[in-house]
> 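Let me give you the structure first, and then I'll get to my questions.
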Number of protein chains: 2
Amino acid sequence: MANPYNTVHTHKPTPHANGASCLDRLFVKQPVEHLASGQSLFFEGDDAKHVFQVVEGTLRVFRIISGGRRVITGFLDAGDIVGVSLRGRYLYSAEAITPSVVKRLARRQFDAAVASDEGLRPVIFARVCDEMAAAQDQMVLLSSKSAEERLCTFLVKYLRRNTVPGCTIIELPMTRLDIADYLGLTIETVSRTVTKLANKGILGFENPGLRHTIRIERPGMLAQLTGDGDDHEDLPGDLLALREPRRH
Amino acid sequence: MANPYNTVHTHKPTPHANGASCLDRLFVKQPVEHLASGQSLFFEGDDAKHVFQVVEGTLRVFRIISGGRRVITGFLDAGDIVGVSLRGRYLYSAEAITPSVVKRLARRQFDAAVASDEGLRPVIFARVCDEMAAAQDQMVLLSSKSAEERLCTFLVKYLRRNTVPGCTIIELPMTRLDIADYLGLTIETVSRTVTKLANKGILGFENPGLRHTIRIERPGMLAQLTGDGDDHEDLPGDLLALREPRRH
DNA sequence: CGAAAGGTTGAATCGATTCAATAAACGTGG
DNA sequence: CCACGTTTATTGAATCGATTCAACCTTTCG
């Protein structure tokens with residue numbers, strides 16, 4: 001039974017019943033592998049022979065395009081699965097940002113497991129959905145958000161994904177260059193924007209000079225600045241009425 | 001058996017054995033539905049109760065973000081499947097650009113078919129892969145390509161997807177605004193860029209004044225200008241090591 | 001025909017980039 | 001442990017590409 005799920009790298013999904021443990025079962029017997037900072041897990045174009053689970057650390061997922069420009073399409077953290085293939089080849093490279101620990105599963109085994117385990121499919125499904133949604137969001141961000149909106153979006157999502165609710169301290173494992181390449185900006189613009197947000201009192205630094213650890217002072221304000229209009233903007237009442245209802 | 005495949009809209013894949021007919025079987029008995037120009041197929045947030053196959057015409061797939069800005073994430077043509085869901089809801093809206101014909105299949109039926117038909121899975125798999133790859137490409141485009149590179153990329157891909165090999169005439173069903181919202185530009189920039197390419201002799205218009213029909217005069221030149229570096233740039237052997245991490 | 005929609009073009013503006021200089025943190029070896 | 005070079009980050013000034021605002025033109029269609 002062919003398996004289609006290992007197409008994309010999949011983020012740790014929004015919390016759900018027992019997906020994690022379900023997935024963990026797949027990898028529990030695999031030996032751990034250690035990656036030093038900067039070490040590559042695989043390269044774009046490599047034969048996609050394995051699916052990986054991140055146990056610890058943070059990785060960047062990126063493509064190098066002509067002119068040496070780098071585009072980071074996502075970051076991977078503990079719990080994330082990456083085992084992307086298109087026609088058997090990885091669509092991008094992945095490398096460790098921090099010292100990391102991963103487990104590896106041969107694609108054949110992964111396929112077999114998904115084929116035979118009914119309970120596994122919805123878990124993978126959810127991750128593919130999340131991945132697709134993330135790609136959509138990223139396209140929106142890159143299409144039409146300002147530098148400030150991009151950075152705020154990044155911080156809000158990072159806060160939601162990588163800290164417990166209520167926590168307002170972000171330890172960024174990635175450099176400004178990583179952030180820039182992820183947000184479609186330059187390091188200078190990222191730096192300036194961080195400074196601007198700090199001056200506005202929206203965020204601050206735990207330790208002056210150690211600017212990798214950020215404290216969000218005004219989470220609500222930060223959310224406002226994402227440009228996602230989570231707040232109810234007053235729209236003309238007839239907007240919905242004007243939209244033609246689905247027909248047939 | 002839960003089915004994960006209807007997560008994303010899937011483009012007509014690069015040519016392959018019998019995928020189309022395989023998919024067609026699914027829809028062959030469904031009645032056709034007609035959409036007028038501008039008519040919506042579904043809205044972002046709607047219950048994703050159906051999967052659609054485009055029989056004829058072109059549709060745009062988009063999200064409206066705060067401030068009324070619109071981001072088009074893709075176009076759909078004959079043969080494409082769209083049946084997107086995340087947690088049961090469409091991630092975006094879809095509406096007809098030209099008068100279009102679609103077929104509809106209840107998601108339950110679609111799921112059942114994919115579950116029971118072994119031959120169908122790889123076909124759907126290939127489409128999900130294509131969709132993911134397209135999303136990646138779009139992120140690269142939006143992250144770091146100039147207006148000219150974006151337009152050339154769009155035209156090259158359109159040529160490849162929607163015409164027979166060797167054909168150099170493009171009839172664009174979408175407006176400049178559609179193109180702009182797809183490429184993350186303004187209509188003015190799209191217009192200017194088209195004019196600039198025409199002045200360079202890279203493309204021309206079939207009929208003066210009818211600027212929806214474009215003839216590509218220099219396909220090779222167009223490909224060069226996509227910024228994808230498909231051409232082998234002479235790089236020293238240890239290219240990855242030497243490439244300076246150029247900023248943007 | 002005349003209005004509306006879509007498209008082009010010009011001039012001014014703006015946000016982000018580029019270039020450049022400085023500063024702070026890190027890692028290595030003495 | 002400190003010195004010193006390397007990497008990473010910040011900040012300023014000039015520049016550039018795309019946007020915005022505005023005018024005008026073309027095609028479409030009631």
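Side chains are part of it too, since the values below use all heavy atoms of this structure and drop only hydrogens, waters and symmetry mates. No experiment lies behind these values; they were computed from the predicted model shown.
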> Please give, in whole Å, the distance from dA9(D) P to Leu151(A) CG?
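For the pair Leu151(A) CG and dA9(D) P, the rounded distance is 13 Å.
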> What is the distance from CG of Leu183(A) to C1' of dA16(C), rounded to the nearest Å?
13 Å
> Find the distance Leu197(A):CG to dT11(D):P and express it as a whole number of Å.
13 Å
> Between Thr195(A) and dT11(D), does any side-chain N or O lie under 4.0 Å from OP1 or OP2?
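Thr195(A) to dT11(D) OP1/OP2: side-chain N or O found under 4.0 Å.
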> What's the spacing between Gln136(A) CD and Leu141(A) CG if we round to 0.5 Å?
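One gets 13.0 Å once the value is rounded to the nearest 0.5 Å.
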> Would you say CD of Glu171(B) has more than 12 non-hydrogen atoms from neighbouring residues, nucleotides or ligands within 6.0 angstrom?
no
> Can you tell me how far apart CZ (Arg70(B)) and OG (Ser143(A)) are? Round to the nearest 0.5 Å.
11.5 Å
> side-chain contact (heavy atoms from CB on, under 4.5 Å) between Ser144(A) and Arg69(B): does it pass, once the steps are laid out?
CA-CA 8 Å; Ser144(A) 56; Arg69(B) 293 175 287 188; 4.2 Å; yes
> Using the ring of each side chain (for Trp, its six-membered ring), is Tyr90(B) parallel, tilted or perpendicular to Phe52(B), with breaks at 30° and 60°?
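Rings of Tyr90(B) and Phe52(B): tilted, as their planes differ by 30° to 60°.
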> Expressed in angstrom and rounded to an integer, what is the separation of Arg176(A) atom CZ from dA24(C) atom C1'?
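Taking CZ of Arg176(A) and C1' of dA24(C), I get 12 Å after rounding.
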> Closest approach to the side chain of Leu210(A), judged atom by atom: which nucleotide of dT10(D), dG7(C), dA25(C) is it?
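Selected nucleotide: dA25(C).
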> Closest to the Arg211(A) side chain: dT10(D), dT19(D), dT17(C)?
dT10(D)
> Given atom CG of Leu177(A) and atom P of dT17(C), what is their separation to the nearest angstrom?
13 Å
> Just call it for Gly38(A): base, sugar-phosphate, or nothing, with non-hydrogen atoms closer than 4.0 Å on any strand.
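Touches nothing.
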> Take atom CG of Asn199(A) and atom P of dG12(D), then tell me their distance rounded to the nearest Å.
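Result: 10 Å.
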> Measure NE2/His212(B) against C1'/dT8(C) and give the value in whole Å, please.
12 Å
> Where the side chain of Ser191(A) is concerned, which of dT10(D), dT17(C), dA16(C) is the nearest nucleotide?
dT10(D)
> Out of dG7(C), dA20(C), dG10(C), which nucleotide sits closest to the side chain of Arg192(B)?
dG10(C)
> Does Thr186(A) have a side-chain nitrogen or oxygen under 4.0 Å from the phosphate oxygens OP1 or OP2 of dT17(C)?
yes
> May I have the distance from Ile187(A) (atom CD1) to dA23(C) (atom P), rounded to whole angstrom?
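After rounding, the gap between these two atoms is 18 Å.
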> How would you label the contact of Leu185(B) with the nucleic acid (heavy atoms, under 4.0 Å): base, sugar-phosphate, or nothing?
sugar-phosphate
> Under 4.0 angstrom, heavy atoms only, what part of the nucleic acid is Thr189(A) near: base, sugar-phosphate, or nothing?
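The residue Thr189(A) makes base contact.
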